[in-house]
Structure formats: structure tokens, C-alpha cells
Engineer: 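Could you have a look at this structure, given as C-alpha cells, before my questions?
Values below: all heavy atoms of this structure, side chains included; hydrogens, waters and symmetry mates excluded. Since the structure is predicted, the reported quantities are computational estimates derived from the model, not experimental observations. Just so it is clear: chains get the letters A, B, ... in the order the sequence lines come, proteins before strands, and each one is counted from 1.
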Amino acid sequence: MTEERSLNFIEEIVEEDIREGKNGGRVLTRFPPEPNGYLHIGHAKSICLNFGLAKEYGGKTNLRFDDTNPVKEDVEYVDSIKEDVRWLGFEWANELYASDYFDQLYEFAVKLIKKGLAYVDDSSPEEIAAQKGTPTEPGKGNEYRNRSVEENLRLFAEMKDGKYPDGAKVLRAKIDLASPNMHLRDPLMYRIKHANHHRTGDKWCIYPMYDFAHGESDAIEQITHSVCTLEFIPHRPLYDWFIEQLEIFPSKQYEFARLNLNYTVMSKRKLLQLVNDGYVDGWDDPRMPTISGLRRRGYTPASIRDFCERIGVAKRENMIEMALLESCIREDLNKTAWRRMAVLDPIKLIVTDYPEDKTETFHGENNPEVEGGDGSREFPFSRELWIEREDFMEEPPKKFFRLAVGNMVRLKSAYIVKCEGFAKDTAGNITEVHCTHIPESQSGNDTSGLTVKGTIHWVSVRHAKTAEVRLYDRLFQVEDPSSEDGDFKDYINPDSLHIIPNAYIEPDLVNAVPGKGYQFIRKGYFTLDKNSTAEKLVFNRTVTLKDGWVKK
RNA sequence: UGUCCGAUAGUAUAAGGGUAGUACAAGUGAUUUUGGUUCAUUUAGUCUUGGUUCGAAUCCAGGUCGGACAACCA
């Protein structure tokens with residue numbers, strides 16, 4: 001009865017810690033975004049991991065904003081991050097900010113100065129970089145390194161009191177300039193920034209570096225498992241050094257490989273460029289891999305959580321195929337989306353033997369995957385219908401199951417029709433398809449005994465409503481834009497957005513509600529765009545249906 | 001030419017000294033009033049060379065390949 005599920009390496013660590021009674025069996029994780037951009041699907045992986053761990057092992061998760069750089073951060077981002085985490089379905093135990101700890105962090109720094117483990121350096125950024133050496137050559141010190149504790153205490157206090165301009169001085173940890181680990185070569189702890197902070201206002205003009213704030217914040221909150229991405233592995237010895245010297249709670253850091261998705265980019269810097277340079281409509285453009293973009297595109301929280309579950313957690317670098325994400329949303333929507341009919345690229349079908357003034361009302365299940373169909377809706381049928389241009393072929397290949405002269409096809413939830421002919425305009429474009437119908441073949445009442453291979457969707461011309469439909473394709477033409485030569489923006493897919501200004505939709509679709517997924521039968525899953533209005537409906541295509549039909 | 005991390009089907013991820021499994025993708029067939037769904041089925045993998053062992057994806061050693069690390073960013 002026990003479902004045997006394999007654990008990822010972090011779950012194994014947590015389980016072992018619990019077994020050994022570490023931290024009294026307590027599990028406290030945190031999700032620590034910097035409020036300088038919108039969350040993306042890569043963050044979703046981290047969110048699902050951190051919150052998932054806590055949920056799984058009876059613990060809690062803090063939401064902590066790493067807001068140590070006031071010039072890049074903004075409340076707009078704080079708000080969007082909170083919205084996205086909640087939308088994904090997670091609730092944090094505490095909403096915290098690294099800036100909550102600025103006083104304590106300042107005391108920590110003073111303590112290190114007093115221990116002779118930190119000093120004020122007047123060097124310029126260039127000088128410090130030069131003195132650090134390179135990964136293969138050791139760095140060397142400077143005269144400031146030998147300042148007395150008293151002088152350091154005085155200077156650091158003066159830094160705090162605003163006596164010096166930006167960049168004049170920094171506080172550095174005194175560790176080892178010859179360490180093979182660059183992060184241990186006297187890393188910066190504090191820098192001077194006369195900047196207004198979104199939380200602390202003008203209280204401070206010195207701000208701690210991430211490396212002197214993150215581990216300490218974890219310790220203050222008594223985070224048991226501090227989970228982050230691979231690039232922080234070399235920082236870990238530094239965090240451990242601070243914890244040891246400061247004698248504070250020993251949070252343990254564990255690193256996993258960040259998510260990479262093909263045909264997109266996943267760095268906040270690059271996403272910001274796409275937004276600022278106008279390549280997309282904003283952070284929530286449906287082509288963006290941001291949480292808000294996916295939401296606007298029609299992805300559901302459940303599908304994203306499922307995706308994060310399926311990609312797993314490990315330490316090797318990875319590049320996940322977009323097909324997996326699409327598989328997750330299709331699986332979810334297949335079970336929940338209401339079926340509707342819409343014609344995106346119309347051509348007129350005339351049922352020549354159907355009276356011009358007659359209208360019949362047919363109905364279709366909302367969702368055949370649900371027991372009972374999840375209810376149904378009605379739609380009118382008449383002599384002239386819109387069908388997809390691609391559902392008729394003048395010269396069909398062998399296994400073409402749709403309309404061609406002499407072929408029969410089922411009009412979904414209505415009649416079987418037989419194609420008798422078609423009409424062309426002077427340019428040779430097909431303008432009409434002519435059919436006759438089999439009256440005994442009415443859906444639900446079919447006594448015709450006929451079986452047909454194809455079923456196509458349709459909308460009554462006289463009753464059709466219109467809507468703008470936006471079709472999205474991958475944002476980039478190559479799997480990994482960042483690894484290509486030149487600028488990643490050179491590889492943007494020029495056809496990533498195709499707008500159909502006037503698609504014909506069945507009447508019931510005017511009742512579509514925001515946030516719900518609809519399957520346009522045979523065409524894909526769609527959802528209302530945030531800019532849709534009653535006067536002008538706008539649908540975004542979330543994802544196409546899988547298409548097993550390949551022309552030979 | 002330093003330190004650290006990693007390497008299992010196309011893509012991910014399990015197997016923790018004892019049958020290399022799962023998902024997605026791809027192929028085939030069946031069902032189907034969506035060429036969807038569902039079901040069945042096939043293809044396809046342990047970076048390399050040695051060693052330990054009755055037995056190695058797993059442990060050890062060397063190599064190869066990939067990645068990370070030098071910002072008053074996080």
C-alpha cells in the first residue's frame with residue numbers, strides 16, 4: 001500500500017537529519033528572492049522544492065526578500081513575487097526581509113572587527129580586483145589590511161554615519177588572500193550607498209553585501225535547510241566561516257542545478273532586456289517563461305507544480321524540453337477545459353440541401369473526459385457554416401479523412417455531410433465548399449448506419465461571434481540562445497506571435513470567464529487574455545493539441 | 001595552468017555491491033462523433049581505461065568531457 005517513491009538527494013538529506021534528530025526534527029526552509037524582477041519558471045522549481053520540503057516533513061517556509069541592494073530593488077517586484085507564490089498555491093510562514101536584520105548585521109560586523117577579522121579598506125574597486133589575483137595566482141594585501149581594531153571600529157562607524165561618499169571605503173572580512181577559493185580572498189561585507197531603500201528609507205547609507213547577509217539571515221531565522229542553486233557552492237565555505245566566527249545558528253546550505261528550458265532564456269537580466277527593448281509586451285507577455293506570463297498564457301498552478309515534480313532535483317546541469325511543460329498543461333486542461341468550437345482560418349461550407357431559413361439547435365458536452373460530460377451547452381446549426389480552410393482539400397493525399405469531393409465527414413455534434421463540390425474565385429482561391437447532409441445521421445439520433453473517419457468542427461455563419469485569437473510559438477529559434485554566437489536577441493523567433501483579428505466562435509463563448517481554460521476542439525487550449533472585453537473578446541492559445549496527423 | 005561541482009536512452013530522472021526502471025519525446029497498432037483522450041506495444045542508455053569483488057551504474061585510481069568561481073550584483 002505504501003507508494004514507493006524515490007527521493008531526491010535533498011529529501012534524503014532531510015530524512016536523514018530527521019532520523020538523527022538534528023534540529024530536534026525541525027524543518028524550516030526559505031524562499032529568498034531579490035525583489036529586482038519577476039519570478040520565472042526556474043523560481044517555480046525552487047519554490048516547489050522549498051515549500052514542498054516543508055510540507056512533506058511537517059515544517060514551514062519563510063518568504064524572505066534579499067533586499068540588500070536598494071538601487072536595483074522595488075516594491076513592484078515585492079508585490080508581484082508575493083502574488084506569484086500564492087498563485088502557485090503556497091503560503092509562507094513569515095514574510096521577512098534581509099533589511100529587517102540591518103541592525104543585527106551591523107552588530108555582527110562590529111563583532112568581527114573586534115575579533116580582528118574585518119577591516120576597512122579605502123581602495124578603489126579596481127585596486128581591490130587587482131589585489132585579489134586570479135583563480136591561478138594568489139592575491140596580495142595592502143596597507144589597510146593592518147589597521148588596528150580601534151581604527152576599524154571608528155572608520156566603520158563613520159561609514160555608517162555618512163561621513164564618506166559612495167565607494168570611498170568598504171568593510172572587508174580578513175580571511176586569506178591566497179585561498180584557492182576566490183570568495184575567501186577578503187570578501188567585501190559592506191559598501192557605502194547613499195540610496196533610499198524601499199523598506200528602511202534613508203536610515204542607512206551602508207548596505208551589507210549578499211554574502212554577508214544571506215547566511216546570517218538564515219541563521220537569524222534558524223533555517224535548517226538552506227537550499228540554493230549550484231553557483232553558490234563556492235560561497236558555502238565563506239558562509240560557514242561567518243557562522244563559525246559569529247557563533248550563530250549553523251544553517252546548512254545545499255545546492256541543486258537550476259532549471260533550463262529549451263527555446264527560451266531564464267535569466268532575469270535577459271528577461272528584463274526583452275521587456276525594456278520591447279521584444280515582448282511586458283513581464284507577463286504570454287511568451288515569457290515568467291510565472292505571470294505563463295498565467296496569462298493559460299497555464300494552471302497545478303500544471304506548473306506537476307512539471308516541477310516531474311523534472312526532478314539533482315546536481316547535474318540540465319536542459320528540459322518544452323515538450324514536457326506542454327505535456328503537463330495538456331494533461332491538466334484535458335481534464336478540466338470546456339470544449340467549444342471556433343474556426344480560426346475560415347472557409348464557407350454550404351449545406352445545399354438544407355433550407356435557407358431553418359435553424360436547429362444542437363448540444364455538446366462541456367468535457368467528455370468527465371463523468372456526465374460536466375454539463376453541456378447548445379449551439380445553432382444552419383445552412384451556411386464556417387469550417388477550417390485546412391479541413392477541405394481539392395486534391396487530398398491518400399489518408400486524408402476530412403473533406404474532399406466525394407468524401408463524407410461528420411460535423412461535430414450535428415450531421416454527416418457529403419462533399420459535392422466547391423467554388424473558386426478568379427484568383428483560384430477556394431471560396432466555398434458544397435455539401436449535402438444525411439438527415440438520419442443527426443448526432444445522438446443516428447439511424448443512417450454510416451461510419452465516417454473524420455469529424456470536423458464548425459460554426460454557423462449567421463450565429464457566429466467573433467474574437468481576436470493570439471497564437472504563440474516558441475520565443476527563440478534555437479534551443480539555447482545564450483550559448484549561440486552573438487547576442488541572444490539575434491535568435492528571437494520573428495513568428496512567435498500570430499494574431500487572428502476575427503476568428504469565428506460559437507455563441508456560448510461570449511460567456512467565457514477569465515482564468516478558465518477552453519479547448520477549441522481540434523485546435524488547442526485557449527484562455528481569455530487579461531485585455532479581453534465584452535466588446536472585443538481576446539483569446540490566448542495556451543498550447544496546441546497533440547497532432548498525430550502528418551502529411552506524407 | 002588553481003579550486004570546486006558534475007557525467008545513466010533524444011531530454012530529464014531512479015536503481016545506494018546482486019534483473020538498468022519511470023516520465024516526456026519518437027515509432028507501430030487498437031479504440032474514438034476531437035487525426036485529441038485512453039489502451040497496448042516497439043526503439044533507445046550506464047563518458048573512458050584500469051583496479052577491488054563471485055558480482056560494479058554504484059567502491060578505488062588515472063584520464064576525457066561539461067560546468068562554476070576573480071562585480072562595491074544576488
Engineer: If you measure from the C1' atom in B/rU52 to the same atom in B/rG67, how many Å do you get, rounded?
Structural biologist: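 Comparing C1' positions in B/rU52 and B/rG67 gives a spacing of 31 Å.
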
Engineer: Below the 4.0 Å mark, does B/rC73 have OP1 or OP2 next to a side-chain nitrogen or oxygen of A/R191?
Structural biologist: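 So the side-chain polar atoms of A/R191 do come within 4.0 Å of the phosphate oxygens OP1 or OP2 of B/rC73, strictly under.
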
Engineer: Verify the distance criterion only: is there a donor paired with an acceptor across the side chains of A/S179 and A/D176 at less than 3.5 Å?
Structural biologist: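 Note: A/S179 and A/D176 side chains miss the donor-acceptor criterion.
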
Engineer: Of A/W338, A/F539, A/Y504, A/Y525, which is the lone residue that meets ring pair (Phe, Tyr, Trp, His ring centres under 6.0 Å) with A/F520?
Structural biologist: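 The residue from A/W338, A/F539, A/Y504, A/Y525 that satisfies ring pair (Phe, Tyr, Trp, His ring centres under 6.0 Å) with A/F520 turns out to be A/F539.
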
Engineer: Within the 4.0 Å limit for protein heavy atoms, which parts of nucleotides 32-42 of chain B are touched? Write it as a string from 5' to 3', B for base, S for sugar-phosphate only, - for none.
Structural biologist: -BBBBS-----

Engineer: Provide the distance between the two C1' atoms, one in B/rA70 and one in B/rU22, to the nearest whole Å.
Structural biologist: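 My reading of the C1' atoms in B/rA70 and B/rU22 gives 42 Å.
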
Engineer: Taking a pair as Watson-Crick or G-U wobble with both distances under 3.5 Å, which nucleotide is matched to B/rG63?
Structural biologist: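 Base-paired to B/rC47.
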
Engineer: For a quick check of understanding: with a heavy-atom distance under 4.0 Å over all strands, which category does A/T229 fall into, base, sugar-phosphate or nothing?
Structural biologist: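 It contacts nothing in the nucleic acid.
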
Engineer: Tell me whether the rings of A/H197 and A/Y207 are parallel (<30°), tilted (30 to 60°) or perpendicular (>60°).
Structural biologist: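 Aromatic pair A/H197/A/Y207 classed parallel.
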
Engineer: Determine the contact category for A/G133: base if any of its heavy atoms lies under 4.0 Å from a base atom, sugar-phosphate if only primed atoms, P, OP1 or OP2 are that close, otherwise nothing.
Structural biologist: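 Here A/G133 touches the bases of the nucleic acid.
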
Engineer: Once you apply a heavy-atom cut-off of 4.0 Å, does A/R316 come out as touching a base, just sugar-phosphate, or nothing?
Structural biologist: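 Answer is base: heavy atoms of A/R316 come under 4.0 Å of a base.
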
Engineer: Who is the Watson-Crick or G-U wobble partner of B/rU34, with both distances under 3.5 Å?
Structural biologist: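 B/rU34 is unpaired by these criteria.
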
Engineer: Do A/Y299 and A/E326 meet the criterion of a side-chain donor-acceptor pair at a distance under 3.5 Å?
Structural biologist: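 There is no such pair between these side chains.
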
Engineer: Using 30° and 60° as the class limits, which term best fits the ring planes of A/F156 and A/Y106: parallel, tilted or perpendicular?
Structural biologist: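 Rings of A/F156 and A/Y106: parallel, under 30°.
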
Engineer: Check the interface with nucleotides 67-69 of chain B: list each N/O to N/O pair with the protein under 3.5 Å, or write none.
Structural biologist:
from   : atom 1 : to     : atom 2 : distance (Å)
B/rG67 : O2'    : A/E317 : OE2    : 2.7
B/rC69 : O2'    : A/H183 : NE2    : 3.0

Engineer: Hey, are A/R258 and A/N318 close enough side-chain-wise for a donor-acceptor pair under 3.5 Å?
Structural biologist: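 There is no such pair between these side chains.
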
Engineer: Using the C1' atoms only, state how far B/rA57 lies from B/rU53, rounded to an integer number of Å.
Structural biologist: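 Result for the C1' pair: 16 Å, nearest Å.
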
Engineer: Just call it for A/T68: base, sugar-phosphate, or nothing, with non-hydrogen atoms closer than 4.0 Å on any strand.
Structural biologist: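 Touches sugar-phosphate only.
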
Engineer: Expressed in whole Å, how much space separates the C1' atoms belonging to B/rA7 and B/rU32?
Structural biologist: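 Taking atom C1' in both B/rA7 and B/rU32, they lie 44 Å apart.
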
Engineer: Remember a base hit wins even if backbone is also touched, and classify A/K268 as base, sugar-phosphate or nothing at under 4.0 Å, heavy atoms.
Structural biologist: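 Touches nothing.
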
Engineer: What interatomic distance, in whole Å, is found between P of B/rU42 and the corresponding atom of B/rG21?
Structural biologist: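 To the nearest whole Å, 12 Å.
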
Engineer: Closer than 4.0 Å, any side-chain N/O of A/K193 to the OP1 or OP2 of B/rC73?
Structural biologist: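 Affirmative; the distance criterion is met.
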
Engineer: Just checking, any donor-acceptor pair under 3.5 angstrom between side chains of A/H214 and A/R30?
Structural biologist: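 Per modelled atom types, A/H214 and A/R30 side chains form a pair under 3.5 Å.
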
Engineer: Does the structure show a Watson-Crick or G-U wobble partner for B/rG21, both distances under 3.5 Å? Name it, or say none.
Structural biologist: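 When the pairing criteria are applied, B/rU13 turns out to be the nucleotide that pairs with B/rG21.
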
Engineer: In Watson-Crick or G-U wobble terms, both distances under 3.5 Å, what is the partner of B/rC39?
Structural biologist: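 Because both required distances fall under 3.5 Å, B/rC39 counts as paired with B/rG29.
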
Engineer: What distance, rounded to whole Å, do you find between the two C1' atoms, one in B/rA44 and one in B/rU38?
Structural biologist: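 The answer is 25 Å between these two C1' atoms.
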
Engineer: Looking only at atom P, what distance separates B/rG6 and B/rC54, rounded to whole Å?
Structural biologist: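 30 Å, rounded to whole Å.
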
Engineer: A/T134 near the nucleic acid: base, sugar-phosphate alone, or nothing, with a heavy-atom cut-off under 4.0 Å?
Structural biologist: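 Here A/T134 touches the bases of the nucleic acid.
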
Engineer: Consider side chain to side chain donor-acceptor pair (under 3.5 Å). Of A/E73, A/K72, A/K268, which one does A/N36 pass it with?
Structural biologist: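 Exactly one pass, corresponding to A/K268.
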
Engineer: Quick check: do A/T200 and A/Y97 have side-chain heavy atoms less than 4.5 Å from each other?
Structural biologist: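 Not in contact.
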
Engineer: Do A/F9 and A/K315 come close enough that some side-chain heavy atom pair is under 4.5 Å?
Structural biologist: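 Yes; the side chains approach each other to less than 4.5 Å.
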
Engineer: Looking across every strand, which nucleic acid part, if any, lies under 4.0 Å from A/K335 by heavy atom: base, sugar-phosphate, or nothing?
Structural biologist: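 Contact class for A/K335: none.
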
Engineer: Do A/S80 and A/W283 touch side chain to side chain, with heavy atoms closer than 4.5 Å?
Structural biologist: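 Contact flag for A/S80/A/W283 side chains = no.
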
Engineer: Which value, in whole Å, describes the distance between the P atoms of nucleotides B/rU37 and B/rA23?
Structural biologist: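 Here B/rU37 and B/rA23 have their P atoms 16 Å from each other.
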
Engineer: On RNA chain B, compare the nucleotides closest to A/Y190 and A/I311; which residue's is nearer the 5' end?
Structural biologist: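 Here A/I311 is the residue nearer the 5' end.
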
